[in-house]
Each structure stands twice: as structure tokens, then as C-alpha cells.
Amino acid sequence: MSTLKAVRGTRDLLPPETALWNRIEAVARSVFARYNFGEIRTPIFEDTALFARGVGEETDIVSKEMYTWEDRARAQSEKTQSLTLRPENTAGVVRAYIEHKLGETGQLAKLYYIGPQFRRERPQKGRYRQFSQIGAEVIGPTHAGSESPLRDAEVLEMLATFLDELGITGWTLKINSVGSSADRPRYIETLRTALAPVVSQMCPDCQRRAETNPLRVLDCKIPEDQPIIDALPRIADSLDEASRDHFAQVCAALDASGVPYTHDHRLVRGLDYYTRTTFEFTHGGLGAQNALLGGGRYDGLSEAIGGPKAPGIGFAMGEDRLVLTLQAQEANQKAAPPQVADTYIAPLGPAQNPAALALARTLRRQGLRVELGDGTFRLKKSFEAADKTARSIVLLGEDEAQSGILTVKVFATGSQSKVPQTELADLLAGLRNT
RNA sequence: GCGGCUAUAGUUCAGGGGCAGAACGCCUGUCUGUGGCACAGGAUGUCGUGGGUUCGAUCCCCACUAGCCGCCCCA
């Protein structure tokens, strides 16, 4: 029988790496809370129609990357339902916003999420079929200020703060405006017209994109095509006055808050629901998957899935990519300190095992990280195990059990002493700072 | 979905048509209530899976699977 393995594109996260994941999530929760966001947890699967309508039928995500299945009917009378593992979380959040009538509060809904998403893509470093995203959305009725450019700038400023607090250095923020739902089709037509006479000189991919999705031509990385692309009309010139003004105000607010960014005229995003502001934080050293996070405004998404007008802006970060970036940085600097227990309790003989567990319980209840040995171990083995996992070792033999005076050896100094049980916790806690 | 590279010990990797290798790690002992350091010894394994060529395949060939890199797309 063949050995079972994690399926393609999925993987196990083990200690100590999981500590890094927890740190990232803790920083995210801390930062988002200060911007007055609350956590939302939506189901991991949804009605397939949500993603078809929300993300866009023609996007790669929906057309070929979703894990979709027909749910079983429970009764003859019940119809089967097409369900899909969520490929992203914005559509689910907006669905929940509509379902729970959050717009009726008259306030902005400011929600963040942390959780797994699923796309059936070819796995690569920093790209998995189950991957975790951290994201946030600001949604609300227009009268709550959801369309304000200040919201866009605040989200971007929050992200800059998050990356800084997490300790990621060298990130780049690129922003652009893809215009309103009216601007975008107009620009696409302008682009098609401009491409027509020159497309034959471009790479095969671009020739295909010019037909299927002209905006994608702007993403082309082939050096020979760059002069042609640079000469194409810019989307900024197709924006109506409201969109142009909106974008200018986003930029002005970013300038005032000192968040560095570049205006990238070529930044278009793949999901259909984006309008006006789009952005991307990138980082070198991630290879081809250089986007740390991306997002933008989606003023029409709620209506696209049957809800009220509820403009919003949000982003999604690839948690795997944050981990990779931090790991690369820590490799350059100093390795993260390994997890180490405060002490290792070594019962000297099986007769001391019960007392050892009781002592461990006492210390653990005082907040200490304690590893527990076994009385069948030879003392030498206990020391070897202790030295690998803990800062110190506590010997618990017959003498110690009777007297209540424990023998403690601290590995950093090699010093050994007798300590009353009542003073043990303080002594061990003190070792953390040495 | 397409193209390229890779798969050998717990880990990182070398090797090569005829007994399976190194380093680190692991285990044992020198040392029976004392770790690290040193010395001595030991175990590592279906050489990714399945087929083919061959007297003989871990090595050559094919397929599959998985990983990595790039494309597509995206976080």
C-alpha cells in the first residue's frame, strides 16, 4: 500500500514555523484593531454562483481554478446545489454584509478575516492550492462615507503600518485607478483601437490578450514589447472627472501621511469587481510571485451579487508570502531564537513521577513553559534531553521530595543550587532575561 | 493548462551498470545522581512509484507522481 501524503499543492505547517504564522496573525489583529476593524469568519465554501457573479465569470479564477462540486440532494424533492471552496474572501464578506443587512446600521462595516482559500493552480513557491489570506474590507452605504478617497488612503496607510510593524523592509506600494464602471469599458475600447495597428508586432501572448483581455497587455514583461506598451494610451486619460478627482485625493492623503508609493499606470487587476483605486504591495526575493498583497475598490460588487449599493475597498495578503519574506530577512540577519522551555523536570526514578507531574502543574499554572521527563530515564539521558529543550533542569529525587528543596541546574552558567519549591518559579522566570 | 530542472539516510547532499556513501543529527559506551566538549563504537535506506533494456539497474530508457524554476494568472 502506498504511503498517504498531503495532496498536491497542500502542505503541513510544523513548529517552529507555525510560531511565525502566529506572530503575523497577532500583528495583523493588533494593527487592524487600532483602525477599529472587527473580525469576520465566513464559511469556507459557498454557492458557486457567488463567485461566478462576484469575481467574474471570465476570470481565470472562476473559469478554471475553482474547486467545485455538486452537493448531494438529501431528498428526492431537493435539488442538488453547486458549491465551491472559496477562492478568495471578498465575495463572501460582501455576501455576509448583504445577508445581515449591515448597511442598515448606517455605519461603515470594517471587517477583517484570516483564513484558508483554495485555487486549483499549478503549485510553486509562494503559491499553493490551499493558501491563507489575511484581508480586510470597508463597506457601507454611500452616506456613511464608503466612497470617500479617505477610506482608500486609510487602508493603504494601515497596510504600510502593518508591514512596518511586522518588520518587513523594502516593500513597494504601487497604486493606480482603473476608473469607474463607466470609465473602464471606455478605456478598453480606446486600448483596442490603439492596439489594432501595432498588435502584430507584439509577442504571441499579447496578441491573444489583445483579443481576450486587452488590459492584460499592460502586464506584459517581454522587453521588446515595452516601447509599444509605453506608447499606448493611459487609463488615467480615460477617467471621468469624478474618478480623476477621487484618485488625486487618495494620493494627496497618502502624501500627507508620508506613505511612499508610485503611480503605476499599468497596474490593472485580474478580478472583474475592481473599480477606481487598485494597488499592490510587492517585495523582491519572492521570485515570480512577487506580490505580497493586492486590493482595490469595488463600488459595484454588492449590486452585482444582488445587494444594495454598497461601495467598498479591501485587500488580501498572501500569508505564505509574508512568511517567505520574513524567513528570507531573518536568514540574512539573525536566526529567530528557537522555542525553549523554562525548565525540564527530571524525576529520579518512577516513584517520583507523580510528584513530578504535580510540580509541573504548579509551575505551568504560574505561566512557565515546562518539559516533563520520565523517571525511567537514566539521569544522564535526562540531562541530555533537558539541555536540548530547556534552559534549566530540576532534579526531583527522594531527597528533594522529602525536603521540598529542589536541585536546579542552569545550563547557561552551569551553576547548580538547592532551591525551596516556593522560590522555584521566580528563579526560573528570572532566567528568561539572561 | 504549457515548458525546463530535480527526486539517494531524520536533514543537507555526493556518487555511480556488479557489497549504498559523506557531513550534521540520532543511539551506545568511556561516565550507574550530572548535559555541552572529546574519544571509541553503532544503526541508518524498498536509492519517489510502475514498467522496459541488460546476465545484472539505485545508475540507461519510458511513463506516472511529487517538488523547484519559468509561462499563464494571481496573494
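Note that the structure is a prediction, hence the values are computed from the model and not measured.
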Nearest to the side chain of [X], which nucleotide is it out of [options]?
X: A/K380; options: B/G67, B/G35, B/C73; result: B/G35
X: A/D60; options: B/G33, B/C74, B/C72; result: B/C72
X: A/L379; options: B/G67, B/G33, B/C73; result: B/G33

*Using the six-membered ring wherever Trp is involved, compare the ring planes of A/Y67 and A/F118 and label them parallel, tilted or perpendicular (cut-offs 30° and 60°).*
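A/Y67 vs A/F118 ring planes: perpendicular.
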*Measure the acute angle between the ring planes of A/F383 and A/F411, then classify it against the limits of 30° and 60° as parallel, tilted or perpendicular.*
perpendicular
Mind checking who [N] pairs with, Watson-Crick or G-U wobble, both distances under 3.5 Å?
N: B/A7; value: B/U65
N: B/U32; value: none
N: B/G56; value: none
N: B/G70; value: B/C2
N: B/G21; value: B/C13

Mind checking [X] for me? I need base, sugar-phosphate or nothing, with any heavy atom below 4.0 Å counting as a touch.
X: A/L395; value: base
X: A/E88; value: nothing
X: A/G9; value: sugar-phosphate
X: A/Q416; value: base
X: A/G126; value: base
X: A/R11; value: nothing

Do any side-chain nitrogens or oxygens of [X] fall under 4.0 Å of OP1 or OP2 in [N]?
X: A/K381; N: B/U28; value: no
X: A/R321; N: B/C74; value: no
X: A/R122; N: B/G1; value: no
X: A/R8; N: B/G67; value: yes

*Distance in angstrom units between A/R129 CZ and B/C74 C1', rounded*: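 Whole-Å distance recorded here is 14 Å.
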_I need the CG-C1' distance between A/D387 and B/G35, as an integer number of Å._
5 Å
Could you work out the separation of [N] and [M] based on their [atom1] atoms and round it to a whole Å?
N: B/A14; M: B/C2; atom1: C1'; result: 33 Å
N: B/A22; M: B/G29; atom1: P; result: 23 Å
N: B/C62; M: B/A43; atom1: P; result: 38 Å
N: B/G51; M: B/G15; atom1: P; result: 28 Å
N: B/U44; M: B/A23; atom1: P; result: 16 Å
N: B/C68; M: B/C60; atom1: C1'; result: 25 Å
N: B/C61; M: B/C74; atom1: P; result: 39 Å
N: B/C19; M: B/C47; atom1: P; result: 13 Å

Look at the side chain of [X] and the base of [N], then say whether one donor and one acceptor between them are separated by less than 3.5 Å.
X: A/K409; N: B/U34; result: yes
X: A/E400; N: B/G33; result: yes
X: A/R127; N: B/C73; result: yes

*So, the side chain of A/K409 versus the backbone of A/S415: is there a donor-acceptor pair under 3.5 Å, distance only?*
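Between the backbone of A/S415 and the side chain of A/K409 there is no qualifying donor-acceptor contact (under 3.5 Å).
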*Between A/N353 and A/G375, is there a donor-acceptor pair closer than 3.5 Å when you use the side chain of the first and the backbone of the second?*
yes
*asked:* More than 12 heavy atoms of other residues, nucleotides or ligands under 6.0 Å from CD of A/E70: yes or no?
replied: yes
*Which residues pass the side chain to side chain donor-acceptor pair (under 3.5 Å) test with A/Y112, sequence neighbours left out?*
A/R29
*Look at A/R151 together with A/E154 and state whether they make a salt bridge at an N to O cut-off of under 4.0 Å.*
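Result for this pair is yes, salt bridge flagged.
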*Taking syn as within 90° of 0 and anti otherwise, name the glycosidic form of B/C5.*
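Anti.
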